[in-house]
Peer 1: 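Have a look at the structure that comes next, please.
Whatever order the structure lists ligands and atoms in, that order sets their numbers, starting from 1. Because the structure is predicted, anything quoted here is derived from the model rather than measured.
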Amino acid sequence: MALLLRAATWGLSSGRGYCSRGTQGSLREVFVAALRAVVGPPHVSTSIAVREQHGRDESMHRCQPPDVVVWPQNVDQVSRLTALCYSHGVPIIPFGTGTGLEGGVCAVQGGVCMNLTHMDRITALNLEDFSVVVEPGVTRKALNTHLRDSGLWFPVDPGSDASLCGMAATGASGTNAVRYGTMRDNILNLEVVLPSGQLLHTAGPGRHFRPGFWPSLPALYVLGSRKSAAGYNLTGLFVGSEGTLGLITAATLRLHPVPEATVAATCAFPSVQAAVDSTVHILQAAVPVARIEFLDDVMMDACNRHSQLNCVVAPTLFLEFHGSEQALVEQLQRAEEITQHNGGSHFSWAKEAEERSRLWAARHNAWYAALALRPGCKGYSTDVCVPISRLPEILVQTKEDLKASGLTGAIVGHVGDGNFHCILLVDPEDPEELHRVEAFAQQLGRRALALHGTCTGEHGIGLGKRQLLQEEVGAVGVETMRQLKATLDPRGLMNPGKVL
Ligand SMILES: Cc1cc2nc3c(=O)[nH]c(=O)nc-3n(C[C@H](O)[C@H](O)[C@H](O)COP(=O)(O)OP(=O)(O)OC[C@H]3O[C@@H](n4cnc5c(N)ncnc54)[C@H](O)[C@@H]3O)c2cc1C
Ligand SMILES: *[C@@H]1O[C@H](CO)[C@@H](O)[C@H](O)[C@H]1NC(C)=O
Ligand SMILES: *[C@@H]1O[C@H](CO)[C@@H](O)[C@H](O)[C@H]1NC(C)=O
């Protein structure tokens with residue numbers, strides 16, 4: 001409510017100004033000059049083109065651009081900028097790589113957008129402890145390139161080459177989560193600039209403890225066994241906070257040993273049910289699969305065209321196995337038996353690195369392959385996640401609803417986690433179609449909640465899922481979140497209008 005009122009005052013008195021008190025002109029210049037004094041004149045822009053570029057992500061959410069964009073060069077500058085904005089009552093929007101799918105960087109109330117890409121150091125690589133510290137300008141691919149000859153890698157891989165701190169902010173995951181966990185499981189510490197400008201290390205300065213290394217166990221069994229009983233889990237609070245509680249200026253990440261051998265495989269199925277049943281059976285048989293991704297016939301067709309693959313157009317699983325040569329033979333054999341038992345055919349292996357990367361590049365580009373189905377249209381992605389036992393029914397039902405709706409949509413999912421996306425294509429100029437797409441997404445979100453799942457497995461709440469969040473966590477849950485937010489950000493200036 002307070003936020004709504006504030007938004008109203010803002011809109012009435014200053015339109016798009018920097019200040020809600022109606023002193024627009026003069027304060028505006030004084031304020032921008034103060035920003036320049038912190039970061040240096042070349043690192044501040046008020047040009048409309050630059051602001052518009054920073055006012056949107058990859059989703060179809062649109063609103064006004066920020067009033068000004070700044071490029072801090074280090075954490076001290078972030079801290080000073082934040083304190084400055086806070087004392088002037090100006091909203092702050094952290095900007096990573098803008099690949100978000102929930103409108104997280106939209107400047108709902110205008111304000112200062114912080115493009116954090118100039119802070120791009122990789123420090124404190126610790127090969128014995130399997131940890132590394134990255135600044136917000138470091139992307140997942142840049143980190144893995146840096147690690148190339150170290151024998152270690154970072155497995156969390158959203159389709160885009162997102163910033164790792166942005167991934168922490170949205171609680172991202174990707175195709176490897178079924179074995180290596182999500183961002184949540186792979187963050188040991190976060191350095192955060194709080195709205196007050198103070199610096200917080202969520203696990204304490206410099207700490208990066210993690211469990212011992214048990215190479216014979218799949219990573220899954222190691223997860224969660226890192227020991228610390230030191231009070232509330234502040235790291236967990238900031239993972240998935242979507243820039244609404246503070247700015248993440250460094251993340252200590254947990255690394256993993258590069259597997260001795262890797263094999264990928266694809267397998268086509270006669271029905272959605274058969275593909276998803278196979279997934280459930282593979283997991284129940286405790287095959288330590290590293291990746292298991294589902295693509296429906298529409299998605300498979302789109303990927304064939306967009307990425308020049310040659311797969312059968314049918315419900316398909318993309319799989320990958322990691323381990324010793326000997327373990328792989330066993331895993332593959334077990335998986336092939338299970339898929340055959342479920343009517344799977346065309347089980348084909350890809351052992352060469354080049355072939356595997358082609359397959360996973362196609363999977364990572366599924367979003368763009370889907371967009372190419374209706375050129376000129378925008379994509380709207382759902383992101384539900386359910387307990388694995390409920391996955392077959394929700395997927396089969398969603399596929400039927402999609403057919404009945406007359407909408408164009410493709411289904412692709414990290415089915416090993418119970419998480420899938422329905423990428424719906426919508427003509428942004430057609431409000432009626434947009435309305436139907438939103439209704440479809442809401443209905444799917446509610447179905448997931450009814451099956452004890454969540455409305456978002458990895459993209460976050462952003463602008464579009466706030467109502468669903470309320471239904472998901474309930475009145476007391478939302479009230480507790482509001483109180484936490486009000487404690488850390490009493491003036492409601494950190495990325496306003498998101499999540500709550
Ligand atoms: C082709 C494609 C495929 C994708 N596949 C996946 C996928 O498989 N899994 C998945 O999880 N996501 C996926 N995404 C979504 C997106 O990549 C993730 O949400 C990613 O984590 C966003 O990171 P970013 O740096 O681009 O964040 P941005 O889009 O810049 O920001 C996202 C949110 O985080 C906040 N934020 C960013 N940086 C910081 C910071 N340093 N401190 C505080 N807050 C911050 C922003 O304010 C905003 O609210 C995909 C997107 C695309 C376009
Ligand atoms: C953020 O800044 C970097 C470095 O200047 C630039 O390459 C990038 O395009 C900027 N982001 C946007 C959305 O303009
Ligand atoms: C705290 O939360 C982080 C992120 O969710 C997680 O990685 C870590 O294991 C948690 N720590 C404890 C002691 O539970």
Peer 1: Should the ring pair His322 and Trp153 be called parallel, tilted or perpendicular, given that the plane angle runs from 0 to 90° and is split at 30 and 60?
Peer 2: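 Rings of His322 and Trp153: perpendicular, over 60°.
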Peer 1: Tell me: protein heavy atom nearest atom 12 (C) of ligand 2, and distance?
Peer 2: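 Answer, as residue, atom name and distance: His54 NE2, 3.2 Å.
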Peer 1: Check the orientation of His459 and His421. Use parallel for under 30°, tilted for 30 to 60°, and perpendicular for over 60°.
Peer 2: parallel
Peer 1: Quick one: do Asp157 and Arg140 make a salt bridge, cutoff under 4.0 Å?
Peer 2: no
Peer 1: Can you find a side-chain donor-acceptor pair between Lys498 and Asn495 that sits under 3.5 Å?
Peer 2: yes
Peer 1: Return the closest protein heavy atom for atom 3 (C) of ligand 2 as residue, atom name and distance.
Peer 2: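 Nearest neighbour among protein heavy atoms for atom 3 (C) of ligand 2, to 0.1 Å: Thr117 OG1, 3.1 Å.
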Peer 1: Compute the ring centroids of Tyr180 and His256, then answer whether they are less than 6.0 Å apart.
Peer 2: yes
Peer 1: Can you tell which of Gly166, Ala172, Gly457 gets a heavy atom nearest to atom 37 (C) of ligand 1?
Peer 2: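 When every heavy atom of Gly166, Ala172, Gly457 is considered, Gly166 comes closest to atom 37 (C) of ligand 1.
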Peer 1: Under a 4.0 angstrom heavy-atom cut-off, which atoms of ligand 3 come close to Ile187?
Peer 2: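 Counting atoms of ligand 3 from 1, those under 4.0 Å from Ile187 are 7 (O).
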Peer 1: Ignoring hydrogens and geometry beyond distance, is a side-chain donor-acceptor pair present between His414 and Glu458 at under 3.5 Å?
Peer 2: yes
Peer 1: Output yes when the distance from some N or O of ligand 3 to some N or O of Thr235 is under 3.5 Å, and no in every other case.
Peer 2: no
Peer 1: I'd like to check which ligand 2 atoms, numbered from 1 as shown, lie under 4.0 Å from a non-hydrogen atom of His118.
Peer 2: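 In order of numbering, the contacting atoms are 4 (C), 5 (O).
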Peer 1: To the nearest 0.1 Å, how far is atom 1 (C) of ligand 2 from its closest protein heavy atom, and which atom is that?
Peer 2: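 For atom 1 (C) of ligand 2, the nearest protein heavy atom comes out as Asn115 ND2, 1.5 Å.
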Peer 1: Looking at atom 9 (O) of ligand 2, what's its closest protein heavy atom, distance included?
Peer 2: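 I find the closest protein heavy atom is Gln53 NE2, 4.2 Å.
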Peer 1: Where does Asn186 meet ligand 3, judged by heavy-atom distances below 4.0 Å: at the side chain, the backbone, both, or neither?
Peer 2: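 No part of Asn186 comes within reach of ligand 3.
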